[in-house]
Structure formats: C-alpha cells, structure tokens
Amino acid sequence: MERYPDIEIYLAKTDIEAIQQWLDEHLEAPSPLVKRGKHQWRARARHAASEIPILLVENAADGFASLWFDSPHTPWPRDVDCARAAARTLGCEVRCSLGGWQPGDEPDRFWQVRADGVEGAIHWPDQGQ
C-alpha cells in the first residue's frame with residue numbers, strides 16, 4: 001500500500017481534549033497540544049521510532065479544523081485511513097483528499113467519512129477563507 005509523505009484531515013468539530021486523547025491512543029509519547037498563535041495548536045509525537053510534527057488549525061475551512069501530521073511515519077498510510085480512525089473515535093464528520101494530489105487534479109473533490117461510517121466522494125469548494 002502506498003504511504004503518503006504527510007497526512008491531513010479536516011474535522012467537523014474541534015474538541016482539543018478529545019483530539020489529544022485520540023493522539024495519545026494512536027501515537028507514542030505525544031506532547032500536549034499547545035496553543036501557538038491564533039487558532040493554531042502544535043504538538044510532537046513519535047511512531048515507529050520517528051518524530052511526527054503535528055499542527056491543528058481551528059476553523060481552517062468552512063468551520064472544519066485541519067489536523068496535519070508532517071511525516072510519512074504515522075500509523076496511517078493514507079489520509080483516508082486516518083480519517084476513518086478519527087471519525088470512528090471522535091464521533092464527527094472527517095474530510096480528506098481523495099488521494100495523493102497531483103497537478104491537474106480537481107482541487108474541490110474530497111473524501112467524506114461520517115461518524116456513522118458512511119463515506120464517499122464529495123465536492124467541497126474552497127470558500128476563500
């Protein structure tokens with residue numbers, strides 16, 4: 001299975017404590033999410049003996065928070081794998097890219113995973129925020 005160079009998901013609700021607990025369950029020795037500017041939280045964790053920088057941006061797009069893992073060494077090989085795990089545990093809608101983005105790909109096509117497990121491709125245009 002292809003492993004992406006980083007993982008980014010969009011969460012419909014931002015509950016810092018719940019996200020921190022989820023990180024604690026899936027990553028080794030995550031540091032606490034610490035506020036680092038307006039609507040930004042940062043942390044570091046480890047997985048498979050590699051460091052993973054983490055950035056959470058509240059209200060990044062249409063009320064969704066962006067959660068970005070800047071490493072290919074996460075427990076999830078692809079964004080959709082992470083989105084499924086987050087939706088299941090956090091009980092919220094999660095969106096992510098359809099796959100590894102390439103120039104020419106439709107930028108407004110995303111994968112939606114609902115808390116009830118229903119998932120599929122959606123059109124999610126950038127509102128210019």
Side-chain angles (χ1 to χ4, degrees):
M1 177 180 298
E2 179 184 7
R3 182 166 281 281
Y4 291 177
D6 65 348
I7 299 287
E8 183 175 22
I9 61 172
Y10 296 88
L11 305 164
K13 66 178 183 181
T14 309
D15 178 335
I16 301 300
E17 289 181 25
I19 293 169
Q20 181 67 59
Q21 184 175 356
W22 181 70
L23 293 172
D24 291 345
E25 292 169 5
H26 290 278
L27 299 168
E28 301 160 20
S31 64
L33 285 162
V34 176
K35 196 155 182 84
R36 295 283 190 224
K38 190 173 184 178
H39 307 293
Q40 292 190 9
W41 299 77
R42 292 189 182 270
R44 290 184 125 33
R46 296 191 68 73
H47 183 73
S50 296
E51 187 171 282
I52 303 170
I54 301 167
L55 174 63
L56 174 68
V57 179
E58 297 174 290
N59 299 316
D62 296 334
F64 282 72
S66 165
L67 182 58
W68 180 46
F69 301 89
D70 187 13
S71 171
H73 303 289
T74 68
W76 315 280
R78 304 169 303 162
D79 294 20
V80 69
D81 302 310
C82 182
R84 288 173 180 145
R88 231 182 354 259
T89 302
L90 297 172
C92 69
E93 178 184 338
V94 181
R95 297 177 180 182
C96 65
S97 67
L98 285 173
W101 190 85
Q102 301 293 323
D105 285 354
E106 172 59 50
D108 296 337
R109 299 285 293 163
F110 283 81
W111 193 256
Q112 174 189 52
V113 182
R114 296 189 339 207
D116 62 7
V118 174
E119 58 183 84
I122 61 167
H123 183 75
W124 190 28
D126 181 3
Q127 300 298 318
Q129 294 183 8

Heavy-atom side-chain proximity of [X] to [Y] below 4.5 angstrom:
X     : Y      : value
Leu55 : Asp70  : no
Arg84 : Val113 : yes
Arg3  : Thr74  : yes
Phe69 : Leu23  : yes

Show your working on side-chain contact (heavy atoms from CB on, under 4.5 Å) between Ile54 and Leu27 and close with a plain yes or no.
-> CA-CA 11 Å; Ile54 301 167; Leu27 299 168; 3.9 Å; yes
Closest heavy-atom contact between [X] and [Y]?
X      : Y      : value
Ser97  : Phe110 : N-CD2, 4.0 Å
Ala85  : Trp76  : CB-NE1, 3.6 Å
Ala121 : Leu98  : CB-CD2, 4.0 Å
Gln20  : Ser31  : NE2-O, 3.6 Å
Glu93  : Phe64  : OE2-CZ, 3.7 Å
Trp41  : Glu58  : NE1-OE1, 3.2 Å

Atom [atom1] in [X], atom [atom2] in [Y]: separation rounded to 0.5 Å?
X     : Y      : atom1 : atom2 : answer
Cys82 : Trp68  : SG    : CH2   : 13.5 Å
Leu56 : Arg42  : CG    : CZ    : 10.5 Å
His26 : Gln21  : NE2   : CD    : 10.0 Å
Cys96 : Gln112 : SG    : CD    : 10.5 Å

Please answer: with hydrophobic residues joined when any side-chain heavy atoms are less than 4.5 Å apart, are Leu67 and Leu90 in the same cluster?
-> yes
Are Leu33 and Ile7 connected in the hydrophobic side-chain network, where two residues link if heavy atoms are under 4.5 Å apart?
-> yes
Between Ser71 and Glu51, is any side-chain donor less than 3.5 angstrom from a side-chain acceptor?
-> no
Are Asp79 and Trp111 linked by a side-chain donor-acceptor pair shorter than 3.5 Å?
-> no
Atom CD of Glu28 with >12 non-hydrogen neighbours under 6.0 angstrom = yes
Are the side chain of Arg95 and the backbone of Ala12 linked by a donor-acceptor contact shorter than 3.5 Å?
-> no
Taking 4.0 angstrom as the limit, do Lys13 and Asp15 come out as a salt bridge?
-> no
Check step by step if side-chain hydrogen bond (donor to acceptor under 3.5 Å, both in side chains) holds for Ser66 and Glu8.
-> CA-CA 7 Å; Ser66 165; Glu8 183 175 22; 2.6 Å; yes
